[in-house]
Amino acid sequence: MDSNATTPLDPEVLQVITSALETAWGNPSSNYETGVKAKVLINEARTHVATMVRCKPENIIFTSGGTESNNMVLYSALQMFWEQQNTQATGHTYLHRNSCSHRNVENENETEDRICMRPHFITTNIEHDSITKVLRHFQTEGLADVTYLPVSKMSGRVEAIQVLDALRPNTILVTVMLANNETGVIQPVGEIARKLSTYSRSKFHTKVFLHTDASQAIGKIPVDVHKLGVDFLTITGHKFYGPRIGALYVSNPDDLFPIFYGGGQERGYRPGTENTAMIAGLGKAAELVVLNIEQYQDQMRVVRDYLEDSLQKQFQLRVMINGRYPTSERLPNTCNVSFLGEGLQGNKVLARCRYFQASVGAACHSHMKYVCSQVLLASGVPPDVASNAIRLSIGRSTTKSDIDVIVNDLKAIVNLMLAEK
Ligand SMILES: O=C(O)CC[SeH]
């Protein structure tokens, strides 16, 4: 019941990986048969991943996972900003970042003719750490200014008008996740793209790039990069029954800069001898999504809704469904729920459940001393409710009979904990 943390390999994916490990071990850069065999698998996988997000194969770069894909976008944006400044004849003196790092434009009165501009990023306050911590690093190092837009406590979403209001002449990238990993709330990325493109060009005569981390959305809802209108989109294999690698959609590869250097693999954007078997597995996982996304989506939604109905019947006023807002859409598989009452902290309830495993929030925070989810607090969930939250995320194989077992397990544990008080 923690599919948003990770998913097992689909059996067909495992079979493809195993076969590739055995038969496609050659170096894909080698131009003899053994290498060519590997290269063919990689190109087939690229085509399947491209089809999954409705783009051309040449717009897909394979990476080690969502974190690397997100880092590539953010570091590329830094480079793009300086490329733009060095070529734009604007009358201002744009100093290189090293000469700006000691100066904080936001706190100094810069004379018009020597504006020391740093790139400006716009994001939200509910992003994954592989976005937030990179941007915090940029700020600490004086490399960029960042605006963290608060999502609405009434919808769990950020609105396009907030993005437009935050734009500055030096804004280079907007990054907003497509769906949140804890609440499942889907963000209006397509609407942001439509408004951002016209507004930034009319107001600042610059292109502001748009990225979305689609890690939690792919495999649960249809994802079409052209409908979304994004310049970059992050893909994470282990969220949709694929291997622990990832990919990055890039609308214009010329806008992408490598974050490390080596051989010419991935057209130089992501050097390193390719992980052929895992790439082949990612391609199979993508192929399965293309073939089955409607079925996956419907199955997950039916079971998730049955879960929430069952919890409300069993617990009535003692249960709160978090992340469900009248004006927002949610991923079909995510249920964030709190059992109300003193002593019913989410981690304590889960520690006593015997028939299923789940989490109180993002897996990458599980090492931290338990504090309630910052995402839930940001999304308007009161602290005493957020501290009692557990995240239940349905998988492709979760059934209604599974849900009956889980709800009965929760009922027994919560009643026991209440009786012990
Ligand atoms: O939300 C999760 O568990 C995956 C990201 Se760390």
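First listed ligand is number 1; within each ligand, the first listed atom is number 1. Positions are given from 1, in the same order as the sequence printed here.
At a 4.0 Å heavy-atom cut-off, ligand 1 touches His128 through the side chain alone. When heavy-atom distances to ligand 1 are checked against a 4.0 Å cut-off, Lys239 comes that close only through its side chain, counted from C-beta outward.
Protein heavy atom nearest atom 6 (Se) of ligand 1, with residue, atom name and distance: Cys364 SG, 2.5 Å.
With Glu308 as reference, Arg330 is the one residue of Arg301, Lys313, Arg330 to meet the salt bridge (charged side-chain N to carboxylate O under 4.0 Å, His left out) rule.
Near Asn4, meaning under 4.0 Å from one of its heavy atoms, ligand 1 places the atoms 1 (O), 2 (C), 3 (O), 4 (C).
Using a 4.5 Å cut-off on side-chain heavy atoms (C-beta onward), Leu21 and Thr18 make no contact. The shortest distance between side-chain heavy atoms of Ile403 and Ile394 falls below 4.5 Å.
Below 30°, between 30° and 60°, or above 60°: for Tyr75 and Phe138 the angle between ring planes is above 60°, a perpendicular geometry.
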